[in-house]
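A quick write-up on the structure given underneath.
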There are 2 protein chains.
Amino acid sequence: MKPETDTFPMRDDTPDDRSQLIREALHNAIVERRLAPGTKLVETEVGELFDVSRTVVRAALQMLAFEGLVKIERNRGAFVAYPTPEEARQIFESRRVIEPEIAQRAAERMTNADVKAFQAHLKEEERLLVERGPSARRAAIKASGDYHLMLAAVAGNQILERFMRELIARSSLVIALYGQSGASSCARSEHADILDALIARDGKKAASTILHHIDHIEADLDYKAASNAPLRQALRL
Amino acid sequence: MKPETDTFPMRDDTPDDRSQLIREALHNAIVERRLAPGTKLVETEVGELFDVSRTVVRAALQMLAFEGLVKIERNRGAFVAYPTPEEARQIFESRRVIEPEIAQRAAERMTNADVKAFQAHLKEEERLLVERGPSARRAAIKASGDYHLMLAAVAGNQILERFMRELIARSSLVIALYGQSGASSCARSEHADILDALIARDGKKAASTILHHIDHIEADLDYKAASNAPLRQALRL
DNA sequence: CAAGATCAAATTGTATGCAATCTGAATTTC
DNA sequence: GAAATTCAGATTGCATACAATTTGATCTTG
């Protein structure tokens with residue numbers, strides 16, 4: 001089916017298999033809000049859960065700390081990150097820098113197969129928004145982030161893609177902490193708008209649309225209402 | 001002395017002290033080209049060098065792998081990264097996305113103290129370029145990269161600053177591999193040009209100047225002349 | 001003598017043990 | 001009774017031991 005353009009063997013760093021697996025599992029749990037910000041991640045507990053020794057768990061936690069999803073405090077342990085308002089601001093500023101450029105490049109490189117994939121994803125996103133229940137809610141949150149990651153993948157720069165993966169994950173934490181309304185719903189139509197620009201191969205339009213989209217997401221945040229904050233974290237940073 | 005505005009304790013991730021120290025030492029060694037691309041980093045050797053166990057060394061190597069300076073291959077060990085031409089292209093594309101925005105923000109936030117620091121740094125850069133000998137050469141390489149990092153620091157976004165730190169370090173590897181002339185010299189006057197725009201608080205000009213600067217750096221590369229390539233690495237990725 | 005098989009040394013992956021540190025609760029002290 | 005103190009349990013930081021894997025050399029074998 002695919003011609004010699006099969007230059008996409010797979011993305012993986014293979015530091016090792018098992019800690020990578022644990023990293024991804026925790027990453028997903030955090031992004032899908034099954035692990036609340038501030039939650040302590042005890043090495044032995046995680047280890048038993050995955051049936052590995054602390055050594056492997058530690059490697060996973062250190063990776064997560066590196067991408068800002070987990071905070072490791074010396075002699076105290078690892079906690080799901082609790083982004084401050086200032087960090088949140090920087091996360092969205094970074095997205096405003098990177099994502100419009102990604103959208104522009106994606107518009108240039110978009111194949112018809114990509115378009116199909118996006119349309120399918122969008123349909124799934126809308127389905128999940130209608131559905132009720134906490135598990136559908138989680139799936140919707142994840143799908144919303146995945147949309148942005150698909151965009152980054154199409155743009156064809158693995159480095160920027162990795163940066164985006166980090167920013168999207170951390171955004172999810174920020175929204176969990178400071179989000180007001182059922183924000184993601186207002187985003188829905190905007191994802192469709194972005195796709196329209198992409199289909200039209202209009203890079204400029206895609207860039208400006210996604211910029212607005214980011215603005216809207218951030219506008220829904222209220223940094224003062226520090227949610228159900230475990231203020232211990234608030235004081236430690 | 002300081003009032004309650006002491007909200008800036010210090011920037012550090014404190015995963016732990018010693019592996020962080022080793023990470024920085026290796027980072028510097030790589031950036032200053034004392035460690036060539038492809039060099040194997042044996043855990044016990046590094047450990048003996050710093051008088052720590054392999055556990056600590058491994059943590060450092062995993063961090064370096066995460067920022068793309070080291071490649072870890074399962075059951076084979078850690079090697080100083082050997083960027084492919086495609087990776088090099090992506091590194092510079094990423095810089096073209098991020099650095100102009102950083103320059104623009106830096107122009108807005110630049111204090112007089114910052115200007116003084118930049119002028120001093122520039123003077124030091126020029127001094128190192130005149131000086132002879134490999135150690136001066138190394139210092140010049142490092143100083144050239146540090147200029148870009150100072151810019152990122154002034155811009156005031158720690159996330160983008162971290163991204164830049166990674167990109168600058170990896171650029172150093174790319175230049176070591178594919179650099180043609182004594183490239184850094186052509187860059188010298190451009191650093192001064194950028195500073196001029198910053199002093200004038202002309203964000204647009206600073207952005208476009210640095211974009212040209214990046215173009216010039218990349219233009220000096222020759223991806224075909226794969227240096228003294230240990231082709232083993234070239235084949236493995 | 002070239003190509004392949006065999007094997008020992010070196011190196012990494014992982015588990016585990018021990019010391020240092022933190023935590024929270026019981027106990028003392030005022 | 002509130003605040004400070006003490007101390008045991010829990011948890012992390014680090015070193016080390018052992019198994020699995022790779023590597024390069026030596027030894028066949030045609």
Side-chain angles (χ1 to χ4, degrees), chain A residues 12-26 35-66 69-82 229-237, chain B residues 9 12-26 35-66 69-82 230-237:
Chain A
D12 67 321
D13 321 309
T14 36
D16 56 284
D17 291 14
R18 295 195 286 171
S19 65
Q20 195 64 27
L21 212 70
I22 293 173
R23 169 176 171 259
E24 277 162 28
L26 290 176
L35 282 172
T39 306
K40 174 151 196 206
L41 301 169
V42 179
E43 295 176 356
T44 54
E45 284 180 15
V46 180
E48 281 168 22
L49 218 57
F50 289 91
D51 199 49
V52 296
S53 79
R54 285 175 47 214
T55 309
V56 179
V57 175
R58 276 178 82 83
L61 291 175
Q62 281 163 348
M63 286 192 269
L64 288 165
F66 218 81
L69 281 189
V70 154
K71 180 134 195 279
I72 294 179
E73 296 178 33
R74 184 153 233 272
N75 285 325
R76 294 203 57 245
F79 305 82
V80 177
Y82 199 100
L231 51 84
R232 179 191 58 190
Q233 289 280 355
L235 297 179
R236 290 208 179 255
L237 179 65
Chain B
D12 66 321
D13 321 309
T14 37
D16 55 283
D17 291 11
R18 295 195 286 172
S19 65
Q20 195 64 27
L21 211 71
I22 293 173
R23 168 176 172 257
E24 277 162 29
L26 290 176
L35 282 172
T39 306
K40 175 152 194 203
L41 302 169
V42 178
E43 295 177 358
T44 54
E45 285 180 14
V46 179
E48 281 168 23
L49 218 56
F50 289 91
D51 200 48
V52 296
S53 80
R54 285 175 49 213
T55 309
V56 179
V57 175
R58 276 178 81 82
L61 291 175
Q62 280 164 349
M63 285 191 270
L64 288 166
F66 221 81
L69 281 189
V70 154
K71 180 135 195 279
I72 295 178
E73 296 178 33
R74 184 154 234 272
N75 284 325
R76 293 202 57 246
F79 305 83
V80 177
Y82 199 99
L231 51 83
R232 179 190 59 189
Q233 289 280 357
L235 297 180
R236 290 212 179 250
L237 179 62

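So you know, we letter chains A, B, ... as the sequences are listed, proteins then strands, and number each from 1. Just the heavy atoms: all of them, side chains too, but no hydrogens, waters or symmetry mates, feed the values below.
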query = Looking only at side-chain N and O atoms, does Ser53(B) come under 4.0 Å of OP1 or OP2 in dA15(D)?
reply = yes
ask   = Rounding to a whole Å, what distance do you find between Glu73(A):CD and dT21(C):P?
value = 17 Å
ask   = Is there a side chain to side chain contact (heavy atoms under 4.5 Å, CB included) between Glu73(A) and Phe79(A) once you walk through the steps?
value = CA-CA 8 Å; Glu73(A) 296 178 33; Phe79(A) 305 82; 4.1 Å; yes
query = Just to confirm, is there a sub-4.0 Å distance from OP1 or OP2 of dA20(D) to any side-chain nitrogen or oxygen of Arg76(B)?
reply = no
request  = Would you mind telling me which of dC14(D), dT11(D), dG13(C) lies closest to the side-chain atoms of Lys40(A)?
outcome  = dT11(D)
query = Separation of Glu43(B) atom CD from dT16(D) atom P, in whole Å?
reply = 15 Å
query = Does some side-chain heavy atom of Arg58(A) sit less than 4.5 Å from a side-chain heavy atom of Glu43(A)?
reply = yes
task = Find which nucleotide of DNA chain C each of Asn75(A) and Asp51(A) is nearest to by heavy atoms, and output the residue with the more 5' nucleotide.
result = Asp51(A)
ask   = Nearest-Å distance, CG (Leu21(B)) to C1' (dC14(D))?
value = 16 Å
query = Any donor-acceptor pair under 3.5 Å joining the side chain of Arg54(A) to the base of dG13(D)?
reply = yes
inquiry  = Measure CZ/Phe50(B) against C1'/dC14(D) and give the value in whole Å, please.
reply    = 17 Å
Length of the CZ-C1' vector between Arg74(B) and dT11(C), whole Å = 13 Å
key: Gap between atoms CZ and P, on Arg58(A) and dA15(D) respectively (whole Å)   = 11 Å
key: Interatomic distance, Leu41(B) CG vs dT11(C) C1' [rounded to whole Å]   = 13 Å
query = What is the distance from CD of Glu48(B) to C1' of dT11(C), rounded to the nearest Å?
reply = 13 Å
inquiry  = I need the minimum non-hydrogen distance between Ser19(B) and Ala60(B), along with the two atoms involved.
reply    = O-CB, 3.5 Å
ask   = Is any side-chain heavy atom of Val57(A) less than 4.5 Å from a side-chain heavy atom of Leu41(A)?
value = no
